[in-house]
K.L.:
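Before we start, here is the structure in question, set down as structure tokens.
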Amino acid sequence: MRTQDRKHNFLQLIEVFTVRELASRYRLSILGPLWLVLYPLLTALFLNFVFGIFLKIKTNDIPYYLYVFSGLVIWNYFEQGLRLSVQSFVWNRELCTKNAFEIMTLPISFVLSKIPDFIVEFVILVLLIIVNGQTLHGGALLVPLLLIPLVMTTIGIALVVSLANAVFRDFGKLVDFVLMLCFYAVPLLYSETLIPSRYSYILHNPLSITVMSMRSLVFGGTLNLFSYLEACLMSAGILICGLMVFNKHKRKFIDLI
Amino acid sequence: MKPAEVVQVDNITKRFYLERPRTIKKWIRNIFSPFATFTVIKNFSLSVRAGELILITGKNGSGKTTLLRLIAGITQPDRGNIQVIGKVVPLIELGGGFNQDLTGRENILINATILGMQKREIMDKMESILRFSGIRKFIDIPVKRYSTGMVARLAVAIAYEASPDILLMDEVFSVGDAAFQKKNLKRINDLRKKGVAVLVVSHYRHLLRNIADRVVELRKLRFTPGAGLTNE
């Protein structure tokens, strides 16, 4: 294939796999796309009780469930995209071992297939803010920008763990465990100001930065450009590392899958 | 002048990984190596010219499918080289890549994309795919409701339309009725006339022996756990 055809085919593969994933996800469920709305909403309500009402975490006059929900929009994308793509080669073993195509497109498509979820959750967030009588800042229009570091980070990690998990299922377990830890390490349930300054280095990761940027955009209307660029740079690094690891091992991988 | 060589398999050897049980105890015994290897193909060479029909036979486990997967570039040889000129279309497991919950039409789009076809091309050829597979009535029904024969017919129909230069077919003749097999043979012959090289793996020698240019029989390498390999 010519380079141009190869590139075209790569994009078309990503497109058909993403559509396939979206189509088969809700086709056999009764509630269908309603799950898109129910899942984040119920999570936010539940967390509101535990951390907002029982533990009374301070969030500067923003209702706690809104506070949590804004972070969950980011977190859910990362968590669900990663969980889904970790299984991409396990579920598509036959496809990969009997057909010649760029297998990298599978985990990438699985991660991208969560973008509609992100959009729906963001729209719910906006509606909740309006219903609550909070001021919605124009900065909310910049939220799609946050998808750039978020998607790059998720794809970069997904490439490596999906490969590893197909050979050693231990990696799936490891991902579950690390995700659980991250859920608490990323300032989702609490404000980053609660972290003592000597531990503040923990915030220097694309995920924490996008969560914080989301909040400052939606509730304050500002974006810390320096932090945002830092997140973009780091996520680009993660993506490049992921691609390099994947390309190094993909040939041998087919025999081990 | 003879037609150009399109496939050149040069003295290849292919090993496979077997899996040893993965328990901690076993792991400590063979640290960092949960895989044993097993040679399937050893020092094998083959060259195929445009328009040739080659029948590949051999016992179960002699490496027939592996050879096709190597030529298709799905997996790489451990030693030796494979050179291929033109577009390879592998038809290795009939419908193995289909998504069971999606309809036949949706699967055509996915499968044809995997075979390197562009969308416009797929739409243009939809009609001939439907005609050849003969499942027009059921094309908008999930593939899981298809019979084995319907799945196979759909997969074969897509591969024929993917404009191959080299067509690799694995056990295409083990499914379908006599009429379908006749249709297949006719199609294969048409493709050959256009200069497509066809490699067919089949146990059904009688069907192809008369029309094949060559018959390649693969020998099985014997595997004894723990010991090395011996040629049968």
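The chains referred to below are lettered A, B, ... by the order of the sequence lines, with proteins before strands, and numbering in each begins at 1. Side chains are part of it too, since the values below use all heavy atoms of this structure and drop only hydrogens, waters and symmetry mates.
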K.L.:
In terms of heavy-atom contacts, does CG of A:Leu34 have more than 12 from other residues, nucleotides or ligands at under 6.0 Å?
P.N.:
yes
K.L.:
With a sphere of 6.0 Å drawn around CH2 of A:Trp91, does it hold more than 12 non-hydrogen atoms of other residues, nucleotides or ligands?
P.N.:
yes
K.L.:
Considering residues, nucleotides and ligands other than A:Phe46, do more than 12 of their heavy atoms fall under 6.0 Å from its CZ?
P.N.:
no
K.L.:
Measure distances from B:Thr103 to the heavy atoms of chain A and classify the residue's part below 4.5 Å as side chain, backbone, both or neither.
P.N.:
both
K.L.:
For B:Met123, look at atom CE and say whether over 12 heavy atoms of other residues, nucleotides or ligands are found less than 6.0 Å away.
P.N.:
yes
K.L.:
With a 4.5 angstrom heavy-atom cut-off, could you sort out which part of A:Phe253 is near chain B: side chain, backbone, both or neither?
P.N.:
neither
K.L.:
What option among A:Ile254, A:Thr97, A:Ile103 has the most heavy-atom pairs under 4.5 Å with chain B?
P.N.:
A:Thr97
K.L.:
With only heavy atoms counted, which part of B:Asp165 is less than 4.5 Å from chain A, the side chain, the backbone, both or neither?
P.N.:
neither
K.L.:
Measure B:Ile122 against the heavy atoms of chain A and call it side chain, backbone, both or neither at under 4.5 Å.
P.N.:
side chain
K.L.:
Highest number of heavy-atom pairs under 4.5 Å with chain A: which of B:Arg15, B:Gln100, B:Met117, B:Gln118?
P.N.:
B:Gln118
K.L.:
Nearest 0.5 angstrom please: A:Lys250 NZ to B:Gln76 CD, how far?
P.N.:
9.5 Å
K.L.:
Do B:Lys14 and B:Thr75 have a side chain donor and acceptor closer than 3.5 Å?
P.N.:
yes
K.L.:
Step through the shown structure and confirm whether more than 12 heavy atoms of other residues, nucleotides or ligands are within 6.0 Å of CD on A:Glu102.
P.N.:
yes
K.L.:
Between A:Glu15 and chain B, which part of the residue has a heavy atom less than 4.5 Å away: side chain, backbone, both or neither?
P.N.:
side chain
K.L.:
Pick whichever of B:Asp170, B:Ile114, B:Ile110, B:Leu109 has the most heavy-atom pairs under 4.5 Å with chain A.
P.N.:
B:Ile114
K.L.:
Where does A:Thr105 contact chain B at under 4.5 Å (heavy atoms): side chain, backbone, both or neither?
P.N.:
neither
